[in-house]
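Values below: all heavy atoms of this structure, side chains included; hydrogens, waters and symmetry mates excluded.
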Amino acid sequence: MHRLRLSFFFLFLLTLACRTEPESTAEVDFYKTQLFEDIQLQAVFPDSKTLVDLVPKQPYGSLIALYEQQKDKPGFDLKTFVEEQFSDQSMATLSFATDTTKTMYEHISSIWSKLTRGPDSVIPHSSRLALPYAYVVPGGRFQEIYYWDSYFTMEGLLVDGEEKLATQMVDNFSYLIDTIGFIPNGTRNYFLSRSQPPFYTLMVDALARKDRSVLSKYHPQLLKEYEFWMAGEAEVQAPFNAKNHVVYLEGGHLNRYWDKENTPRQEAFKEDIHLASDLGTEAERANLYANLRAGAASGWDYSSRWFAVDGEFGSTTTTTIVPVDLNSLLYFTEITLAEAYGIQGDTENRDRFMKKAEVRKKAIQEYLWDADLQFFMDYDLKFKNTTDELTLAGAFPLFFKLASPEQAQAVKDRLMADFLKDGGLVTTLKHSGQQWDAPNGWAPLQWVAVKGLLNYGYEEEAKEIMQRWLALNEKVYENTGKMMEKYNVEDISLLSGGGEYETQDGFGWTNGVALGFKALLEQLEAQKD
């Protein structure tokens with residue numbers, strides 16, 4: 001009897017050891033460890049993103065134990081420890097020799113293969129989310145795909161006849177929706193708490209230009225994406241309240257950018273800690289972290305658009321802002337879902353989503369149009385009024401045909417008078433030092449503004465913007481042999497600057513918009529003939 005009890009006792013200990021072992025090795029959350037914090041805050045790398053993209057050579061539990069054993073020993077050097085214990089298993093970085101005999105457009109067409117990755121194999125302990133199909137990365141420090149970047153990249157792929165690769169891009173995002181429940185900011189595990197501007201519907205719409213039945217193929221994912229953005233809608237019924245991405249204004253629900261976490265971003269850890277260092281309480285710091293994360297979710301990371309106090313980055317308050325670009329995008333998702341239901345003969349749900357779109361359109365008109373400024377603006381939930389930040393987000397309602405003819409003319413006048421510079425459209429009218437402010441211009445916003453103007457017949461204005469933007473792209477390419485992430489549109493003799501990292505080259509969405517503009521200009525000329 002004693003031997004039997006002893007056997008059961010040893011069996012229990014063995015079972016317990018087997019059950020607890022993963023917690024001490026593979027299941028450790030590296031981002032919550034002292035080792036992670038020490039590496040980031042001691043600035044072993046100049047850029048916080050470098051660490052989170054490295055891969056440990058052993059499970060994190062074992063690595064943490066080794067660090068605890070060694071860190072207090074004489075002569076211990078953290079940088080050496082990291083170099084010995086981590087490896088760079090990222091996909092090959094962009095490397096090419098510029099062929100000076102090629103035009104910028106020929107160069108772009110030749111570089112798709114350099115920017116193409118996947119299908120992925122799973123790398124143990126890596127932050128990278130493996131994808132089942134080929135895809136195009138932006139370039140530079142960004143060796144994973146990013147959500148809204150990819151739509152503009154796709155437009156260039158389609159110009160170049162790369163329909164298969166464009167379709168694979170959409171299929172990867174569909175896979176993320178099916179497996180995660182939404183499309184994260186980018187394909188790294190440190191992005192799993194937030195998304196980015198919801199361009200998935202535009203990607204599907206681009207594939208469906210020749211055959212609208214394509215909408216039916218992606219209908220389940222379109223609906224699931226929409227439900228992610230509207231989660232909590234039924235619980236938000238009091239005016240000027242918010243939950244998750246949803247806000248309620250009298251007359252209808254709109255949306256905001258939001259991240260479910262309120263801690264420093266893993267990929268910008270020391271930068272966020274530094275920015276919050278002057279705040280007095282943990283609650284204040286958590287609030288700032290939540291708003292910084294929401295700013296990253298907006299894609300505009302960062303801009304005076306989100307500042308509560310003019311010129312103060314630490315006053316970023318993205319979660320109190322109802323953004324005009326986000327709500328225009330979700331309006332398009334609603335009308336596209338209505339179309340998809342109609343194609344399938346489901347008139348009840350078609351009508352339901354058309355009503356949703358009509359309610360949102362009315363709310364956009366009521367809350368996001370500033371009659372005094374004659375421009376579409378963001379809305380501040382705290383002050384119950386539009387903000388005073390004039391930004392290129394105000395062109396989104398034209399892109400989605402939400403504006404009246406009179407509003408479109410007013411927006412056109414403002415764009416040409418205030419935003420148009422020598423190199424194209426400037427992002428905002430303020431010089432804050434942030435990368436999504438003056439003097440920088442960004443390819444995706446040029447695209448949105450140009451297509452929006454063309455929707456209302458402003459062809460000459462659209463052509464002027466395209467020609468100035470492409471001339472700047474070509475000038476920088478001639479001088480550097482590279483396509484850039486963003487450009488200084490005010491002083492075209494200088495490169496862009498500002499933000500948390502150096503200007504990147506590559507670059508997916510710049511490539512896509514350049515090819516798209518070239519094709520569009522040729523199309524407009526052909527129509528004249």
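- Of the N and O atoms on the side chains of Glu144 and Tyr135, not one donor lies less than 3.5 Å from an acceptor on the other residue.
- Checked by atom type and distance alone, the side chain of Tyr105 never pairs as donor or acceptor with a backbone atom of Ala514 at under 3.5 Å.
- With hydrogens and angles ignored, the 3.5 Å screen pairs a side-chain donor or acceptor of Asn255 with a backbone N or O of Trp229.
- A salt bridge is absent between Arg265 and Asp259: the closest approach of a Lys/Arg side-chain nitrogen to an acidic carboxylate oxygen does not fall below 4.0 angstrom.
- Between the side chains of Ser109 and Asp160, a donor-acceptor pair is found at a separation under 3.5 Å.
- Side-chain contact, Trp436 with Asn440: no donor N or O sits under 3.5 Å from an acceptor N or O.
- Between Ala403 and Leu398, the shortest heavy-atom distance links the atoms CB-CD1, 3.8 Å.
- Glu271 and Ser48 form a side-chain donor-acceptor contact under 3.5 Å, judged by distance and modelled atom types alone.
- Ring geometry for Phe86 versus Tyr60: interplanar angle of 30 to 60°, hence tilted.
- Side-chain N or O atoms of Lys57 include none that pairs as donor or acceptor with a backbone N or O of Ser87 at under 3.5 Å.
- A ring-ring contact (aromatic ring centres under 6.0 Å, His included) with Tyr31 is found for exactly one of Phe191, Phe269, Phe36, namely Phe36.
- Gln446 contributes a side-chain N or O that, together with a main-chain N or O of Leu425, makes up a donor-acceptor pair within less than 3.5 Å.
- Between the side chain of Lys412 and the main chain of Glu461, no donor-acceptor pair closer than 3.5 Å is present.
- Gln435 contributes a side-chain N or O that, together with a main-chain N or O of Asp301, makes up a donor-acceptor pair within less than 3.5 Å.
- Between the CG atom of Leu368 and the CG atom of Leu402 there is a distance of 10.0 Å, given to the nearest 0.5 Å.
- Note that CZ of Phe182 is 11.5 Å distant from CD of Gln196, once rounded to the nearest 0.5 Å.
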**Item:** side chain to side chain contact (heavy atoms under 4.5 Å, CB included) between Glu478 and Glu474, worked out
**Value:** CA-CA 6 Å; Glu478 184 178 344; Glu474 291 170 4; over 6 Å; no

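- A cation-pi arrangement is present between Arg305 and Trp300, with the terminal nitrogen or guanidinium carbon under 6.0 Å from the aromatic centre and inside a 45° cone about the axis.
- The two residues Ala206 and Met154 make their nearest non-hydrogen contact at CB-CE, 4.3 Å.
- Residues Met104 and Lys518 have side chains not in contact (no heavy-atom distance under 4.5 Å, counting atoms from C-beta outward).
- The closest donor-acceptor contact from the side chain of Arg414 to the backbone of Gln409 lies at 3.5 Å or more, if one exists at all.
- Here Trp509 and Tyr151 keep their ring centres 6.0 angstrom or further from each other.
- Side chain to side chain, Ser303 and Asp437 meet the donor-acceptor criterion of an N or O pair below 3.5 Å.
- In this structure, Phe332 has its ring center at least 6.0 angstrom away from the ring center of Phe399.
- Within the model, atoms CG of Leu390 and CG of Leu429 stand 5.5 Å from one another, a figure rounded to the nearest 0.5 Å.
- Ring centroid separation for the pair Tyr147 and Phe173 comes in under the 6.0 Å cut-off.
- Side-chain contact, Arg117 with Gln143: a donor N or O sits under 3.5 Å from an acceptor N or O.
- In this pair, Phe375 and Phe419 present their aromatic rings parallel. The plane angle is below 30°, not in the 30 to 60° band.
- Closest non-hydrogen pair, Pro132 versus Pro119, comes out as O-CB, 3.3 Å.
- No hydrogens or angles considered: nothing links the side chains of Tyr200 and Thr333 as a donor-acceptor pair under 3.5 Å.
- Judged by distance alone, with hydrogens and angles left aside, the side-chain atoms of Arg293 form a donor-acceptor pair with the main-chain N or O of Thr263 at under 3.5 Å.
- In this structure, Ala130 and Val122 approach most closely via the heavy-atom pair CB-CG2, 4.1 Å.
- Heavy-atom minimum distance, Leu158 versus Ala166: CD2-CB, 3.9 Å.
- Put simply, the side chain of Thr187 gets close to the backbone of Ile145: a donor and an acceptor are under 3.5 Å apart.
- Aromatic pair Phe199/Phe152: centroids less than 6.0 angstrom apart.
- Side-chain contact of Thr318 with Asn291: a donor-acceptor pair under 3.5 Å is absent, judged by distance alone.
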